[in-house]
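Heads up: the structure comes next, in C-alpha coordinates.
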Amino acid sequence: MLKKTPSGAPSTDEEVLDRLALDYPLPRLILDYRGLAKLKGTYTDKLPRMVDAKTGRVHTRYLQATAVTGRLASSDPNLQNIPVRTAEGRRIRACFVAPPGHALVSADYSQIELRIMAHLSRDAGLARAFAAGEDIHRATAAEVFGVEPAAVTAEQRRYAKVINFGLIYGMSAFGLARELGIERAAAQGFIDRYFARYPGVARFMEETRETARERGYVETLFGRRMWATDIRSGNAARRAGAERAAINAPMQGSAADLIKRAMIALARWLDEERLAAKLILQVHDELVLEVPERELERVRGRLPELMCGAAELAVPLVADVGVGANWDEAH
DNA sequence: TTTAATGGCGCG
DNA sequence: AAAGCGCGCCATTAAA
(Lines give C-alpha, C1' and ligand atoms only; values in the text may rest on other atoms or scores of the structure.)
Protein backbone atom coordinates (compact mmCIF):
# COMPACT_ATOMS: atom_id res chain seq x y z
CA MET A 1 0.00 0.00 0.00
CA LEU A 2 1.55 3.27 -1.12
CA LYS A 3 -0.85 5.76 0.49
CA LYS A 4 -3.93 5.96 2.70
CA THR A 5 -7.06 8.06 2.35
CA PRO A 6 -8.11 10.32 5.25
CA SER A 7 -10.31 7.52 6.58
CA GLY A 8 -7.45 5.02 6.50
CA ALA A 9 -8.45 3.05 3.42
CA PRO A 10 -5.79 2.27 0.78
CA SER A 11 -5.70 5.08 -1.76
CA THR A 12 -6.02 4.37 -5.48
CA ASP A 13 -5.57 7.95 -6.60
CA GLU A 14 -3.63 9.09 -9.65
CA GLU A 15 -0.32 9.38 -7.82
CA VAL A 16 -0.58 5.84 -6.49
CA LEU A 17 -1.68 4.29 -9.78
CA ASP A 18 1.04 6.18 -11.64
CA ARG A 19 3.66 4.53 -9.46
CA LEU A 20 2.03 1.10 -9.71
CA ALA A 21 1.93 1.50 -13.50
CA LEU A 22 5.71 1.19 -13.51
CA ASP A 23 5.39 -2.45 -12.42
CA TYR A 24 1.97 -3.60 -13.67
CA PRO A 25 -0.13 -3.08 -16.83
CA LEU A 26 -3.53 -2.68 -15.14
CA PRO A 27 -3.07 0.67 -13.31
CA ARG A 28 -2.44 2.54 -16.57
CA LEU A 29 -5.65 1.15 -18.03
CA ILE A 30 -7.58 2.21 -14.95
CA LEU A 31 -6.13 5.72 -15.18
CA ASP A 32 -7.02 5.99 -18.87
CA TYR A 33 -10.55 4.78 -18.14
CA ARG A 34 -10.98 7.20 -15.28
CA GLY A 35 -9.79 10.12 -17.36
CA LEU A 36 -12.28 9.43 -20.12
CA ALA A 37 -15.10 8.62 -17.67
CA LYS A 38 -14.47 11.96 -15.96
CA LEU A 39 -14.77 13.87 -19.22
CA LYS A 40 -17.87 11.97 -20.29
CA GLY A 41 -19.68 12.06 -16.96
CA THR A 42 -18.92 15.65 -15.98
CA TYR A 43 -18.90 17.45 -19.32
CA THR A 44 -19.94 15.55 -22.44
CA ASP A 45 -23.04 13.94 -20.93
CA LYS A 46 -24.03 16.78 -18.60
CA LEU A 47 -23.46 20.12 -20.32
CA PRO A 48 -25.84 19.54 -23.27
CA ARG A 49 -28.62 18.83 -20.74
CA MET A 50 -28.05 22.20 -19.12
CA VAL A 51 -28.64 24.30 -22.22
CA ASP A 52 -31.33 26.86 -21.44
CA ALA A 53 -34.45 26.39 -23.60
CA LYS A 54 -34.99 30.14 -23.97
CA THR A 55 -31.47 31.28 -24.79
CA GLY A 56 -29.95 28.14 -26.23
CA ARG A 57 -26.97 28.70 -23.97
CA VAL A 58 -25.42 27.25 -20.83
CA HIS A 59 -25.65 29.71 -17.93
CA THR A 60 -23.49 29.29 -14.85
CA ARG A 61 -24.13 30.85 -11.44
CA TYR A 62 -21.39 32.90 -9.85
CA LEU A 63 -21.25 32.65 -6.07
CA GLN A 64 -19.85 35.86 -4.61
CA ALA A 65 -19.63 34.95 -0.94
CA THR A 66 -18.47 31.34 -0.93
CA ALA A 67 -14.70 31.14 -1.33
CA VAL A 68 -12.87 32.32 1.81
CA THR A 69 -10.17 34.03 -0.25
CA GLY A 70 -12.68 36.25 -2.06
CA ARG A 71 -12.60 34.38 -5.32
CA LEU A 72 -15.82 33.80 -7.21
CA ALA A 73 -17.06 30.24 -7.40
CA SER A 74 -19.01 28.88 -10.35
CA SER A 75 -21.76 26.28 -10.16
CA ASP A 76 -24.68 24.62 -11.94
CA PRO A 77 -22.68 24.08 -14.05
CA ASN A 78 -19.21 24.94 -12.88
CA LEU A 79 -17.63 26.68 -15.87
CA GLN A 80 -14.39 27.37 -14.03
CA ASN A 81 -13.19 23.79 -14.43
CA ILE A 82 -13.66 23.18 -18.14
CA PRO A 83 -10.80 20.89 -19.29
CA VAL A 84 -7.68 22.38 -20.87
CA ARG A 85 -4.71 20.23 -19.86
CA THR A 86 -5.18 17.30 -22.23
CA ALA A 87 -5.90 17.10 -25.96
CA GLU A 88 -9.16 15.21 -25.31
CA GLY A 89 -10.18 17.80 -22.74
CA ARG A 90 -9.52 20.68 -25.10
CA ARG A 91 -12.01 19.18 -27.53
CA ILE A 92 -14.63 19.88 -24.87
CA ARG A 93 -13.35 23.41 -24.40
CA ALA A 94 -13.61 23.92 -28.17
CA CYS A 95 -17.38 23.31 -27.90
CA PHE A 96 -17.76 26.78 -26.34
CA VAL A 97 -18.18 28.81 -29.51
CA ALA A 98 -18.95 32.39 -30.47
CA PRO A 99 -22.18 33.11 -32.40
CA PRO A 100 -22.05 34.04 -36.10
CA GLY A 101 -20.35 37.37 -36.63
CA HIS A 102 -18.62 37.20 -33.25
CA ALA A 103 -15.40 35.86 -31.77
CA LEU A 104 -14.30 34.95 -28.26
CA VAL A 105 -11.58 37.08 -26.70
CA SER A 106 -9.79 35.66 -23.70
CA ALA A 107 -7.23 37.48 -21.57
CA ASP A 108 -5.44 36.03 -18.57
CA TYR A 109 -2.98 37.44 -16.08
CA SER A 110 0.55 36.05 -16.32
CA GLN A 111 1.98 34.68 -13.02
CA ILE A 112 -0.39 36.88 -11.06
CA GLU A 113 0.16 35.29 -7.65
CA LEU A 114 3.96 35.37 -7.94
CA ARG A 115 3.79 39.02 -8.97
CA ILE A 116 1.63 39.74 -5.94
CA MET A 117 4.14 37.89 -3.79
CA ALA A 118 6.88 40.12 -5.23
CA HIS A 119 4.77 43.18 -4.43
CA LEU A 120 3.72 42.18 -0.91
CA SER A 121 7.21 40.99 0.05
CA ARG A 122 9.03 43.84 -1.71
CA ASP A 123 11.75 41.29 -2.44
CA ALA A 124 14.35 43.11 -4.56
CA GLY A 125 15.49 40.10 -6.58
CA LEU A 126 12.02 38.91 -7.44
CA ALA A 127 10.89 42.43 -8.31
CA ARG A 128 13.94 42.93 -10.53
CA ALA A 129 13.23 39.70 -12.44
CA PHE A 130 9.65 40.75 -13.13
CA ALA A 131 10.67 44.31 -14.00
CA ALA A 132 13.13 42.90 -16.53
CA GLY A 133 10.39 40.77 -18.04
CA GLU A 134 12.32 37.59 -17.39
CA ASP A 135 10.96 34.05 -17.54
CA ILE A 136 10.37 33.80 -13.80
CA HIS A 137 10.94 30.06 -13.45
CA ARG A 138 14.17 30.35 -15.42
CA ALA A 139 15.26 33.29 -13.29
CA THR A 140 14.50 31.35 -10.11
CA ALA A 141 16.45 28.36 -11.42
CA ALA A 142 19.42 30.58 -12.23
CA GLU A 143 19.42 31.93 -8.66
CA VAL A 144 18.88 28.61 -6.89
CA PHE A 145 21.36 26.65 -9.01
CA GLY A 146 23.87 29.45 -9.34
CA VAL A 147 24.10 29.52 -13.13
CA GLU A 148 23.43 32.07 -15.85
CA PRO A 149 19.78 32.16 -17.02
CA ALA A 150 20.85 31.04 -20.49
CA ALA A 151 22.56 27.96 -18.96
CA VAL A 152 19.49 26.74 -17.07
CA THR A 153 18.54 23.20 -18.11
CA ALA A 154 15.00 22.02 -18.71
CA GLU A 155 15.12 19.99 -15.50
CA GLN A 156 16.41 22.92 -13.45
CA ARG A 157 13.57 25.07 -14.78
CA ARG A 158 11.04 22.38 -13.93
CA TYR A 159 12.40 22.21 -10.38
CA ALA A 160 12.20 25.98 -10.03
CA LYS A 161 8.61 25.99 -11.28
CA VAL A 162 7.61 23.45 -8.63
CA ILE A 163 9.40 25.53 -5.99
CA ASN A 164 7.65 28.72 -7.09
CA PHE A 165 4.21 27.13 -6.99
CA GLY A 166 5.03 25.36 -3.74
CA LEU A 167 5.90 28.65 -2.08
CA ILE A 168 2.52 30.11 -2.90
CA TYR A 169 0.89 27.12 -1.22
CA GLY A 170 3.18 26.91 1.81
CA MET A 171 4.70 23.61 0.72
CA SER A 172 7.23 21.91 3.00
CA ALA A 173 10.51 20.16 2.18
CA PHE A 174 8.60 16.89 2.51
CA GLY A 175 6.09 17.94 -0.13
CA LEU A 176 8.75 19.32 -2.46
CA ALA A 177 10.75 16.09 -2.16
CA ARG A 178 7.69 14.01 -3.00
CA GLU A 179 6.76 16.22 -5.95
CA LEU A 180 10.27 16.18 -7.42
CA GLY A 181 11.09 12.59 -6.49
CA ILE A 182 14.21 13.59 -4.56
CA GLU A 183 15.53 13.20 -1.00
CA ARG A 184 14.03 15.42 1.63
CA ALA A 185 17.46 16.80 2.54
CA ALA A 186 17.98 17.82 -1.09
CA ALA A 187 14.57 19.50 -1.16
CA GLN A 188 15.39 21.36 2.05
CA GLY A 189 18.63 22.45 0.40
CA PHE A 190 16.71 23.99 -2.50
CA ILE A 191 14.36 25.78 -0.15
CA ASP A 192 17.27 27.13 1.90
CA ARG A 193 18.98 28.38 -1.23
CA TYR A 194 15.74 29.97 -2.46
CA PHE A 195 15.26 31.89 0.77
CA ALA A 196 18.94 32.92 0.81
CA ARG A 197 18.51 34.38 -2.68
CA TYR A 198 15.10 35.90 -2.01
CA PRO A 199 15.31 37.03 1.63
CA GLY A 200 12.35 39.36 1.22
CA VAL A 201 10.14 36.38 0.45
CA ALA A 202 11.41 34.53 3.55
CA ARG A 203 10.63 37.58 5.69
CA PHE A 204 7.17 37.95 4.12
CA MET A 205 6.32 34.30 4.84
CA GLU A 206 7.37 34.61 8.47
CA GLU A 207 5.55 37.92 8.93
CA THR A 208 2.40 36.46 7.45
CA ARG A 209 2.52 33.57 9.94
CA GLU A 210 3.07 35.99 12.83
CA THR A 211 0.28 38.30 11.75
CA ALA A 212 -2.12 35.42 11.43
CA ARG A 213 -1.17 34.14 14.89
CA GLU A 214 -1.34 37.53 16.62
CA ARG A 215 -4.40 39.02 14.95
CA GLY A 216 -6.25 35.89 13.88
CA TYR A 217 -6.57 37.12 10.31
CA VAL A 218 -4.54 38.14 7.26
CA GLU A 219 -5.37 40.75 4.63
CA THR A 220 -5.35 41.22 0.88
CA LEU A 221 -3.70 44.08 -0.98
CA PHE A 222 -6.90 46.07 -0.58
CA GLY A 223 -7.43 45.29 3.08
CA ARG A 224 -10.02 42.55 2.85
CA ARG A 225 -9.65 40.23 5.83
CA MET A 226 -9.51 36.47 5.79
CA TRP A 227 -9.86 34.75 9.12
CA ALA A 228 -7.28 32.20 10.13
CA THR A 229 -9.35 29.75 12.09
CA ASP A 230 -7.28 27.00 13.69
CA ILE A 231 -4.16 29.20 13.72
CA ARG A 232 -3.84 28.66 17.50
CA SER A 233 -5.19 25.13 17.56
CA GLY A 234 -3.64 22.71 20.03
CA ASN A 235 -3.64 20.18 17.22
CA ALA A 236 -0.34 20.60 15.39
CA ALA A 237 -1.67 19.30 12.07
CA ARG A 238 -4.62 21.70 12.11
CA ARG A 239 -2.35 24.55 13.09
CA ALA A 240 0.07 23.75 10.25
CA GLY A 241 -2.85 23.60 7.84
CA ALA A 242 -4.06 27.01 9.02
CA GLU A 243 -0.57 28.43 8.52
CA ARG A 244 -0.46 27.19 4.93
CA ALA A 245 -3.87 28.68 4.25
CA ALA A 246 -2.75 31.97 5.82
CA ILE A 247 0.39 32.03 3.65
CA ASN A 248 -1.66 31.47 0.51
CA ALA A 249 -4.61 33.73 1.32
CA PRO A 250 -2.99 37.16 0.70
CA MET A 251 -1.83 36.04 -2.74
CA GLN A 252 -4.94 34.23 -3.89
CA GLY A 253 -7.15 36.86 -2.25
CA SER A 254 -5.32 39.84 -3.72
CA ALA A 255 -5.49 38.25 -7.16
CA ALA A 256 -9.24 37.93 -6.65
CA ASP A 257 -9.44 41.63 -5.69
CA LEU A 258 -7.47 42.61 -8.77
CA ILE A 259 -9.56 40.80 -11.31
CA LYS A 260 -12.76 42.12 -9.72
CA ARG A 261 -11.44 45.65 -10.13
CA ALA A 262 -10.61 44.81 -13.74
CA MET A 263 -14.15 43.52 -14.28
CA ILE A 264 -15.60 46.77 -12.94
CA ALA A 265 -13.27 48.85 -15.12
CA LEU A 266 -14.21 46.72 -18.11
CA ALA A 267 -17.94 47.14 -17.53
CA ARG A 268 -17.50 50.91 -17.33
CA TRP A 269 -15.43 51.02 -20.50
CA LEU A 270 -17.85 48.87 -22.51
CA ASP A 271 -20.67 51.10 -21.34
CA GLU A 272 -18.92 54.39 -22.08
CA GLU A 273 -17.85 53.26 -25.52
CA ARG A 274 -21.28 51.85 -26.31
CA LEU A 275 -19.77 48.53 -27.25
CA ALA A 276 -21.83 45.39 -27.77
CA ALA A 277 -19.05 43.10 -26.53
CA LYS A 278 -20.09 41.11 -23.46
CA LEU A 279 -18.14 39.64 -20.57
CA ILE A 280 -19.36 36.05 -20.40
CA LEU A 281 -16.92 34.19 -18.14
CA GLN A 282 -14.45 34.77 -15.29
CA VAL A 283 -12.03 31.98 -14.44
CA HIS A 284 -10.00 33.39 -11.51
CA ASP A 285 -7.23 34.99 -13.59
CA GLU A 286 -8.98 34.99 -16.97
CA LEU A 287 -11.81 36.98 -18.56
CA VAL A 288 -13.67 35.73 -21.63
CA LEU A 289 -15.68 38.09 -23.81
CA GLU A 290 -18.01 37.56 -26.73
CA VAL A 291 -17.20 40.27 -29.23
CA PRO A 292 -18.74 41.37 -32.55
CA GLU A 293 -16.23 41.26 -35.41
CA ARG A 294 -16.21 45.05 -35.83
CA GLU A 295 -15.20 45.56 -32.17
CA LEU A 296 -12.52 42.89 -32.15
CA GLU A 297 -9.44 45.03 -32.52
CA ARG A 298 -10.53 47.60 -29.95
CA VAL A 299 -11.39 44.98 -27.35
CA ARG A 300 -8.29 42.95 -27.98
CA GLY A 301 -6.19 46.05 -27.44
CA ARG A 302 -7.97 47.53 -24.43
CA LEU A 303 -8.86 44.43 -22.39
CA PRO A 304 -5.31 43.53 -21.31
CA GLU A 305 -4.62 47.20 -20.57
CA LEU A 306 -7.63 47.40 -18.26
CA MET A 307 -6.56 44.23 -16.48
CA CYS A 308 -2.99 45.44 -16.02
CA GLY A 309 -4.22 48.82 -14.82
CA ALA A 310 -6.39 47.33 -12.08
CA ALA A 311 -3.76 48.40 -9.52
CA GLU A 312 -0.31 49.96 -9.36
CA LEU A 313 2.05 47.32 -7.98
CA ALA A 314 5.78 47.27 -7.31
CA VAL A 315 6.07 45.00 -10.34
CA PRO A 316 4.43 45.24 -13.75
CA LEU A 317 1.25 43.29 -14.44
CA VAL A 318 1.05 41.34 -17.68
CA ALA A 319 -2.02 39.91 -19.37
CA ASP A 320 -1.94 37.71 -22.46
CA VAL A 321 -4.83 37.96 -24.88
CA GLY A 322 -6.14 35.57 -27.51
CA VAL A 323 -8.93 35.55 -30.08
CA GLY A 324 -10.75 32.63 -31.67
CA ALA A 325 -13.97 31.16 -32.91
CA ASN A 326 -14.05 28.96 -29.79
CA TRP A 327 -12.67 29.01 -26.25
CA ASP A 328 -9.85 26.60 -27.02
CA GLU A 329 -8.61 28.75 -29.90
CA ALA A 330 -8.91 31.96 -27.89
CA HIS A 331 -7.10 30.53 -24.85
C1' DT B 1 -36.29 9.95 -3.94
C1' DT B 2 -33.29 12.65 -1.11
C1' DT B 3 -29.31 13.42 1.84
C1' DA B 4 -24.64 12.72 3.42
C1' DA B 5 -20.11 10.85 3.36
C1' DT B 6 -16.25 9.24 0.68
C1' DG B 7 -12.71 9.09 -2.81
C1' DG B 8 -11.34 11.02 -6.69
C1' DC B 9 -10.31 14.74 -10.13
C1' DG B 10 -11.55 18.79 -13.40
C1' DC B 11 -9.85 23.93 -13.09
C1' DG B 12 -6.89 28.35 -11.35
C1' DA C 1 0.71 13.46 13.00
C1' DA C 2 0.96 15.29 8.79
C1' DA C 3 3.31 16.78 4.98
C1' DG C 4 0.25 21.98 -1.32
C1' DC C 5 -3.90 26.72 -1.43
C1' DG C 6 -8.92 27.55 -3.26
C1' DC C 7 -13.16 25.62 -5.44
C1' DG C 8 -17.59 22.20 -7.49
C1' DC C 9 -19.14 17.76 -9.29
C1' DC C 10 -18.88 12.95 -10.46
C1' DA C 11 -20.01 7.85 -9.08
C1' DT C 12 -20.63 4.95 -5.33
C1' DT C 13 -22.46 3.54 -1.01
C1' DA C 14 -25.44 3.77 2.89
C1' DA C 15 -29.19 5.53 5.29
C1' DA C 16 -33.32 8.31 5.90
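Each chain gets a letter, A, B and so on, in the order the sequences are listed, and its residues count up from 1.
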Pairwise C1' distance for dG4(C) and dA4(B), with rounding to whole Å: 27 Å
In whole angstroms, how far is the P atom of dG4(C) from the CD atom of E243(A)? 13 Å
Rounded to whole Å, CH2 of W327(A) lies from P of dC11(B) at a distance of 11 Å
If the P atom of dG7(B) is compared with that of dA2(C), how far apart are they to the nearest Å? 14 Å
In the strands shown, is dG4(C) matched to any nucleotide by a Watson-Crick or G-U wobble pair with both distances under 3.5 Å, and which? none
At 4.0 Å (heavy atoms only), tell me whether R34(A) reaches a base, stays on the sugar-phosphate, or touches nothing. sugar-phosphate
Below 4.0 angstrom from OP1 or OP2 of dG7(B), is there any side-chain N or O of T5(A)? yes
Kindly point out which of dG4(C), dG12(B), dC9(C) is positioned nearest to the side chain of D76(A)? dC9(C)
Looking at T12(A), I'd like to know whether one of its side-chain N or O atoms comes within less than 4.0 Å of OP1 or OP2 on dG8(B). yes
Proximity to the side chain of Q252(A) - top-ranked nucleotide from dG8(C), dG6(C), dC9(B): dG6(C)
Regarding R71(A), tell me which of base, sugar-phosphate or nothing describes its non-hydrogen contacts under 4.0 Å with the strands shown. base
Regarding Y43(A), tell me which of base, sugar-phosphate or nothing describes its non-hydrogen contacts under 4.0 Å with the strands shown. sugar-phosphate
Kindly say whether, by distance alone, the side chain of K38(A) makes a donor-acceptor pair under 3.5 Å with the base of dC10(C)? no
Using whole Å, what does the distance between atom P of nucleotide dG12(B) and atom CE of M307(A) come to? 13 Å
When you compare the ring of F174(A) with the six-membered ring of dA3(C)'s base, are the centres less than 5.5 Å apart and the planes under 30° from each other? yes
Looking at the side chain of K46(A), which of dG6(C), dA11(C), dC11(B) is the nearest nucleotide? dA11(C)
Report the distance from atom CD1 of I259(A) to atom P of dC7(C), rounded to the nearest whole Å. 17 Å
Nearest to the side chain of A9(A), heavy atoms from C-beta on, is which of dG7(B), dG12(B), dC10(C)? dG7(B)
May I ask you to decide if L126(A)'s main-chain N or O and Y198(A)'s side chain share a donor-acceptor pair within less than 3.5 Å? no
What does I82(A) touch in the nucleic acid at a heavy-atom separation under 4.0 angstrom: a base, only the sugar-phosphate, or nothing? sugar-phosphate
Does N235(A) reach a base, just sugar-phosphate, or nothing at all? Heavy atoms under 4.0 Å. nothing
Just the rounded figure in Å: distance from P of dC10(C) to CD1 of I92(A). 13 Å
Establish whether the base of dC9(B) is bridged to the side chain of E14(A) by a donor-acceptor pair shorter than 3.5 Å. no
Taking atom C1' of dC9(B) as reference, at what distance in whole Å does atom CD of E88(A) sit? 15 Å
Quick one: sort the F96(A) and W327(A) rings into parallel, tilted or perpendicular, breaks at 30° and 60°. perpendicular
Heavy atoms only, 4.0 Å cut-off, all strands: where does E179(A) land among base, sugar-phosphate and nothing? base
Let me know the distance between CD of Q282(A) and C1' of dG12(B), rounded to the nearest Å. 10 Å
Picking from dC5(C), dG12(B), dC7(C), the nucleotide nearest the side-chain atoms of N248(A) would be dC5(C)
DNA chain C: G175(A) or P77(A), which has the more 5' nearest nucleotide? G175(A)
Side chain E295(A), main chain P292(A), donor-acceptor under 3.5 Å: no
Nucleotide nearest V283(A) when distance is taken to its side chain, options dA11(C), dG10(B), dG12(B): dG12(B)
Closer than 4.0 angstrom, basic N to acidic O: yes or no for E273(A) and R302(A)? no
Polar contact flag, side-chain donor to acceptor under 3.5 angstrom, E183(A)-Q188(A): no
Enclosure of K260(A) NZ (heavy-atom neighbours >12, cutoff 6.0 Å): yes
With respect to the phosphate group of dG4(C), does any side-chain polar atom (N or O) of S172(A) fall under 4.0 Å of OP1 or OP2? yes
Between dC9(C), dG8(B), dG6(C), which nucleotide has the shortest distance from any of its atoms to the side chain of N78(A)? dC9(C)
Select one nucleotide: of dA1(C), dG8(B), dG10(B), the one nearest the side-chain heavy atoms of D13(A). dG8(B)
From C-beta outward on H284(A), which listed nucleotide comes closest to its side chain: dC5(C), dG8(B), dG6(C)? dG6(C)
Can you see if the side chain of R85(A) gets near the phosphate of dC9(B) - specifically, an N or O under 4.0 Å from OP1 or OP2? no
Could you check whether L63(A) gets within reach of a base, just the sugar-phosphate, or nothing at all, counting any heavy atom under 4.0 Å? sugar-phosphate
What about N81(A), does its side chain sit under 3.5 Å from the base of dG10(B) through a donor-acceptor pair? yes
Need one value for A240(A): base, sugar-phosphate or nothing, where a base atom within 4.0 Å counts as base even if backbone is also close, heavy atoms only. nothing
Can you check whether K3(A)'s main-chain N or O pairs, donor with acceptor, with S11(A)'s side chain at less than 3.5 Å? no
In this structure, how many angstroms lie between the C1' atom of dG6(C) and the CZ atom of R244(A), rounded? 13 Å
Is the backbone N or O of V144(A) less than 3.5 Å from a side-chain atom of R193(A), with the two atoms forming a donor-acceptor pair by type? yes
